[in-house]
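Chain identifiers are assigned alphabetically (A, B, ...) following the order of the sequence lines, protein sequences preceding nucleic acid strands; residue numbering begins at 1 within each chain.
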Amino acid sequence: MAAVKPISPFRLSSLLRLQKDPNIALQLFQNPNPTTQRSKPFRYTLLSYDLIISKLGRAKMLDEIEQILLQLKQDTRIIPKEIIFCNVITYYGRARLPSRALQLFEEMPSFRCERTIKSVNSLLNAFLKCRDFDKMREFFVGIGKYARPDTCSYNILIHSCCVRGSVDHAWELFDEMLKRGLCPNLVTFGTLIYGLCSSLRTKEAFKLKEDMVRVYGIWPNAHVYASLIKGLCGVGELSAALTCKEEMVKTKMKLDSAIYSTLIDGLLKVGRKNEAFGLLEEMESNGCKPDTVTFNVMINWHCKNNDFEAAYRVLDEMADKGCRPDVISYNVIIGGLCRDEKISEANDLFDDMRRRGCVPDVLSYRILFDGFCNGKQFKEAAFILDEMLFHGYAPRCASLHKFINGLCDEGNSELLWTVLNSLGQGNAIDSDSWGMAISLFCNGDKLPAKLVDALSTT
DNA sequence: CTAGGGTTAG
């Protein structure tokens, strides 16, 4: 019987490139030649490592990546490129795992890979994604050990100030980068304009848009316009926002779905429904397809009107057009249903979203928990709370107060007891809530030791 | 895919 020709290292890369399913790609990588005897080890190429890691990264399969990295570390023939590590650090940032991002950065030399400003910046941005500003600052102070900060490093720092709402601090960083001889670029200005607009300082934002052209010869792009338009919508200047859009058309810039979604949302929020729908038609006829965000804007509007049938129809339309609803699409409808006291329908949709492969986030749990509490369905609330804690999420403080108050009012000490235990274990309870709960139990000596411990550390 | 824009609650 003729033996099947074994897969060569070169061919493995082509197969990995073609394979859409990350799990199958992983199997292929781990065992490229299942039928042939393993006389000598398979000689993986750098490209095949690169391909499998990017595939797994896009699928958020981080533990599997860890395995591949271990193999890569031991495969001493290979000198990995820095970009692989930049990418994995980015994946850790997205997954809110700042310590693992830092750990990988520290291990890079043991992979025979040199660290430049690129991986330094990836790490800074991972910290930013995780909103770990302390780690960011601490790392930036010692950054000189690894590399000299560049424009990108400053852009990340400026962005971190903007998301914290301290635009003035962002300006200080801008001055500092100039002093260090670094040139601001389009991203720098885009970020500063974003910060000014988020702080509703639209006048200054427009001034900067002029200055970037006048002083630096850098022209605004769609990112800049999106921030400006959102800022103008935020201060209720819809007409000015529409003028911005006209300016983009005049200067032959392409209107993308972000521009349209922002404007449609702004118009709907001030009740200019016909113009919003007009823009929706215009975007389609301009060859700009509505995406998940555009549909979410529509879903949000329908839910605000308590028109859930229409919201469901948007979900159907998304399916027809091959646009996957995301966690926001579901959260908006679940939240709307809860507000309209259709809690069991909200709970059904919550189950639905998971069946359809959409992972609930902290907000999904909070919305549903609040819904159950408002409807005084404390048993169901306790069930969701348990699940939420299991996933490492905590309820909002005010919700927890309401919940515990509700249980106290009902005199449901049994359920309260169970819930306090989970809360104590999850470290998810503040001292006020403890106080409220404790007051229900007049005899302090009846408290289980674990709760007393937790109380004394709060 | 070293960095920037648009949609969710309160």
- prompt: After noting the C-alpha distance and the side-chain angles of T294(A) and S261(A), does the key distance pass the side chain to side chain donor-acceptor pair (under 3.5 Å) rule?
  reply: CA-CA 5 Å; T294(A) 321; S261(A) 304; 2.9 Å; yes
- request: Kindly indicate, with the supporting measurements, whether the criterion side chain to side chain donor-acceptor pair (under 3.5 Å) is fulfilled by S399(A) and D370(A).
  value: CA-CA 6 Å; S399(A) 310; D370(A) 290 2; 2.7 Å; yes
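Within the structure, salt bridge (charged side-chain N to carboxylate O under 4.0 Å, His left out) contacts touching residues 151-170 of chain A (residues at least two apart or in different chains) are D168(A)-R201(A).
Here I229(A) lies out of heavy-atom contact (under 4.0 Å) with every strand. R366(A) comes within 4.0 angstrom of nothing in the nucleic acid, heavy atoms only.
DNA chain B is contacted by H159(A) of residues 157-175 of chain A, taking any non-hydrogen atom closer than 4.0 Å. Contacts with DNA chain B (heavy atom under 4.0 Å) in residues 284-297 of chain A: D291(A), V293(A), T294(A), N296(A), V297(A), listed by number. Within residues 127-148 of chain A, no residue has any heavy atom under 4.0 Å from DNA chain B. Using a 4.0 Å cut-off on heavy atoms, the residues of residues 331-361 of chain A that approach DNA chain B are N331(A), V332(A), listed by number. Within residues 253-275 of chain A, the residues that have a heavy atom under 4.0 Å from DNA chain B are, in order of number, D256(A), S257(A), A258(A), I259(A), S261(A), T262(A), D265(A), K269(A).
Nucleotides dC1(B) and dG5(B) have their P atoms positioned 12 Å apart, rounded to a whole Å.
The distance between the ring centers of Y146(A) and F139(A) falls below 6.0 angstrom. When ring centroids are compared, F369(A) and F403(A) come within the 6.0 Å threshold. Between F372(A) and F378(A), the distance from one ring center to the other does not fall under 6.0 angstrom. Between Y49(A) and F29(A), the ring centre distance stays below 6.0 Å.
Residue K230(A) has its side chain nearest to dT7(B) when only dT7(B), dT8(B), dC1(B) are considered. Side-chain proximity of N300(A) to dT7(B), dG5(B), dA3(B): nearest is dT7(B). If you check dA9(B), dG4(B), dC1(B) against the side chain of R396(A), the one that comes closest is dA9(B). Closest approach to the N155(A) side chain among dG4(B), dA3(B), dT7(B) is made by dA3(B) (side chain taken as heavy atoms from C-beta onward).
Cation-pi geometry between R115(A) and F105(A) is satisfied (NZ or CZ under 6.0 Å from the ring centre, within 45° of the ring normal).
No donor-acceptor contact under 3.5 Å links the side chain of D370(A) to the base of dA9(B).
Straight-line distance from the CG atom of L196(A) to the P atom of dG4(B): 17 Å, rounded to whole Å.
No donor-acceptor pair closer than 3.5 Å links the side chain of T202(A) to the backbone N or O of C197(A).
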